[in-house]
Amino acid sequence: MSRPVQPTTGGAVHSQRGGSAIRRLFRIYLEKPELAGVALLLLLTFVFEIRSNGVFLSVENLRGILGLLPEVGLVSIGVTVLMICGEFDLSVGSMFALMPVSVALLTNAGVPFIPAMLLGLLIAALVGLANGFITLTFNIPSFITTLGMLFIVRSLTVVITGGFPPLLASELPVGVFTQFVGPGGILRASFIWFAVIALIVGAMLGGSNFGNWIHATGGFVDAAAAMGVPVRGVKMASFILCAVLAGFAGTIQVFRLGAPLPSIGDGLELQAVAAAVIGGTALTGGVGTVLGAIVGALLNRVIDNGLVLSRVDANWFKFAIGGLTIFAVVANSWLRQTARRIKVEL
Amino acid sequence: MLIPSFPSSLRQILICAAFAIRSAGHWTGALVLSPMLAGSASAAEPLNVVFTCHSATTNSFWQAVKLGFDDACTKVGAKGQFIFVQTEGSIEQQVANMQAAVAAKPDALITSLVDNNAFVGVLKDAGEKGITVISSNVDATAGPELGLREAFIGQNFIPAGTTLGKRLSALFPKEGPVRVLVGVSAPGQNWAEQRAQGVMNGLEAFKKANPDRQVTIEKIDSGTDLAIVSDRVGAYLNAHPDTTAYFDMGFWHAGVAKVLKDRNVPPGKVLLGGFDLVPQVLEMMKAGYIQIQIDQQPYEQGFMPVMEVYLKKNIGLAPADIDTGEAVITPDQVDSIMALSKQGKR
């Protein structure tokens, strides 16, 4: 196919190509709201690297951040999927404790590792099922259902342990989740699990019928139902996925730290929702991505870690975390609006 | 008051004697007091004792206090109720729980007093209703609350912190610069601030004794979640590999010990010390990563107030202060303590 020759100078061609490239860049940007988070992440990394005299990006420090990321990242992914389909789960922090504590108690009681893990996942799935069933059957806000479940599940965790943390049996093959892998041992095996799960969920959300159903259900539930989307089943599956990911994440953390404390994951629900929103997930449902959830969770960890390295005073620490989090969301929103405006002008 | 300034050791002997008599029940060959004690407890209405605290059920330390309280109530035939708050450290929830408890007019109210002013109203109300009030675990540091409770049973945080500071600093290398990190687990809360103050006192004493050595002391908001504490202190250790010691105001340095172990840092290179016993701390002591731990015997903090209430109601003895101590635990004691710790009694 021949192209018509344009009577323009070389400079103009270059400018047009440049304009087209910018336009394309912003189109990509607008299609992927989580990229604003990535930009912020890069900015903060740069600032913290300088403030910490190069320690922030050292292998040892990255090991620390990347060790905790799979745990908070998996919870954020589950919460994001659920938020996209228009629901909330505030019980993830409690589920984060119930599954590992259950697995620890089961293995201490002589149940082999793999059946204990499967039973733990089943418990998590049942909690997710209960969340979904109660919310959908009685048509009440999931915010309330899962707030109740937050207390119920935490209480169950305390009841089954008697309030005292069980010891984790030393012969468990936890290395499959915790051993160091990759160049220089910078990653833990849990990161591989996390990456694989993120890819699967990401592919499911972005490239499958089920992913479309999740978006449609959260975007406009009545229209989705009218189009034949099984909205009840979609929501139920999302509740279960969210609870299972939270339980699995907590189990990884307990294997890493070796301490199944009944208190772990306290307050994690807010962190996970914050990560989802920072990563571009709409509180109203219908919009959001797995990458956004990961970026949001990573941003949270980077801020926390960077502030320690910046030697922020103990009494000002929470102020700094709060301030940077608000800054991150405001900057995110500003970048997005600016991108939209530039696109219109172009 | 019959014996307002009774020495605590003699008092404990009396309490134990009374307890032995009560336990014996029908043992007629006992002391002259025995018929009166046994008779009054069995014939009269059982004692009604309520314990309120500022902690949530997930806190293993407080579960040990509860266990002591429940055991004591069983032994003296008292009707006991232990009330936790839903949110760790929530004073307003604790006040509401105390108001509800006082409204039911129990014989005694045992409570932690984590604030000098918040509880004045409800304690006055309790006094007017003739309810015996004993503070346990944390006492007011000044103000009217001190006159509204009859005794305090627990640890004095500042001296306990000083002991930890002095004992761990005695293990510092004999020459060269020293860098110490103090993790204030919950900035703004009496227990954490006072322990940190005590630790600083101990470290200042080290500084004075070694005027020619360079001593750097830094404080951070270390947090009360094992994963977060591990990450924050781990980041600090990356930035300052020359760190001599880390002091935690609770037991969360168990996670830091795990980080050091994972990084193949030999035990004792970074000295670790903190407060309260959980099995995970004992494990890390055994592995050589934690050198000193201060135990305040929570079981006793739950048990003894009930005994004092029992003695007051049945014999007329005035409740008196008991220092549950600042027991210094070192790795050589771990094996004997582990069994008690697993039972939640130590």
Side-chain angles (χ1 to χ4, degrees), chain A residues 52-56 58-65 67-68 71-72 94 97 151 154-155 157-159 161-168 170 178 180 188 253-254 256-268 301 304-318 320-321, chain B residues 56-64 66-67 84 86-88 182-185 187-188 192-193 196 218-241 251-252 254-255 257-259 261-263 278-284 338 341-344:
Chain A
S52 66
N53 295 325
V55 176
F56 184 78
S58 68
V59 172
E60 282 292 353
N61 196 53
L62 289 178
R63 248 188 196 174
I65 295 176
L68 189 50
E71 297 150 15
V72 288
S94 301
F151 292 115
R154 184 68 72 179
S155 178
T157 310
V158 175
V159 167
T161 56
F164 298 103
L167 281 171
L168 203 59
S170 55
T178 62
F180 290 107
R188 283 187 186 264
Q253 179 168 103
V254 162
R256 180 169 66 87
L257 296 173
L261 298 177
S263 60
I264 61 165
D266 199 18
L268 190 61
R301 293 314 320 146
D304 199 294
N305 184 287
L307 287 174
V308 172
L309 293 179
S310 304
R311 300 163 79 170
V312 173
D313 181 76
N315 294 345
W316 283 98
F317 196 79
K318 287 192 173 71
I321 288 188
Chain B
T57 52
T58 48
N59 189 317
S60 310
F61 173 88
W62 276 96
Q63 290 289 348
K66 180 178 182 293
L67 188 63
F84 288 94
Q86 291 302 325
T87 311
E88 182 77 27
V182 178
V184 186
S185 311
E193 295 286 6
E218 288 194 89
K219 280 166 123 181
I220 61 164
D221 176 347
S222 51
T224 55
D225 178 275
L226 206 61
I228 298 294
V229 177
S230 307
D231 189 49
R232 288 182 182 167
V233 179
Y236 183 89
L237 294 176
N238 283 331
H240 306 285
F251 54 79
W252 295 282
K258 190 74 170 43
V259 169
K261 200 176 173 190
D262 286 345
R263 290 182 185 174
V278 291
Q280 284 72 20
V281 162
L282 293 171
E283 264 193 333
M284 284 300 162
M338 188 70 101
S341 180
K342 278 182 185 165
Q343 294 169 31

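In what follows, every chain begins at residue 1, and chains take the letters A, B, ... in the order their sequences are listed.
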Legend entry - With sequence neighbours excluded, residues passing side chain to side chain contact (heavy atoms under 4.5 Å, CB included) with B:Asp231: A:Leu68, A:Arg301, A:Asn305
Inset, instruction - Evaluate the side-chain proximity of B:Phe251 to A:Leu261: yes if any heavy-atom separation is below 4.5 Å, no if none is. - result: yes
On a heavy-atom basis, which atom in [X] and which in [Y] lie closest, and how many Å separate them?
| X | Y | value |
| --- | --- | --- |
| A:Ala259 | B:Gln280 | CB-CG, 3.3 Å |
| A:Leu257 | B:Ser230 | CD2-OG, 3.7 Å |
| B:Gln63 | A:Gly162 | OE1-O, 3.9 Å |

Inset, instruction - Name the region of B:Ala239, side chain, backbone, both or neither, that has any atom closer than 4.5 Å to a heavy atom of chain A. - result: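 The answer is both parts of B:Ala239.
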Inset, instruction - Under 4.5 Å, counting heavy-atom pairs only, tell me which of A:Leu307, A:Ile264, A:Leu167, A:Leu309 racks up the most with chain B. - result: A:Leu167
Legend entry - Selection from A:Ser52, A:Gly258, A:Pro165 maximising heavy-atom pairs under 4.5 Å formed with chain B: A:Pro165
Using non-hydrogen atoms only, which part of [X] is less than 4.5 Å away from chain B: side chain, backbone, both, or neither?
| X | value |
| --- | --- |
| A:Pro166 | backbone |
| A:Phe56 | neither |
| A:Asp304 | side chain |
| A:Glu60 | both |

Inset, instruction - Drop me the distance from B:Phe61's CZ to A:Ser263's OG, to the nearest 0.5 angstrom. - result: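 With rounding to 0.5 Å, CZ (B:Phe61) is 14.0 Å from OG (A:Ser263).
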Inset, instruction - Can you spot which of A:Thr157, A:Thr161, A:Val158 makes a side chain to side chain contact (heavy atoms under 4.5 Å, CB included) with B:Thr58? - result: A:Val158
Option that, when pairs with chain A are counted at under 4.5 Å, heavy atom only, ranks first among [options]:
| options | answer |
| --- | --- |
| B:Asp262, B:Val184, B:Ile228, B:Val278 | B:Asp262 |
| B:Gly223, B:Ala56, B:Ala64 | B:Ala64 |
| B:Lys261, B:Met284, B:His240 | B:His240 |
| B:Arg263, B:Glu283, B:Lys66, B:Arg232 | B:Arg232 |

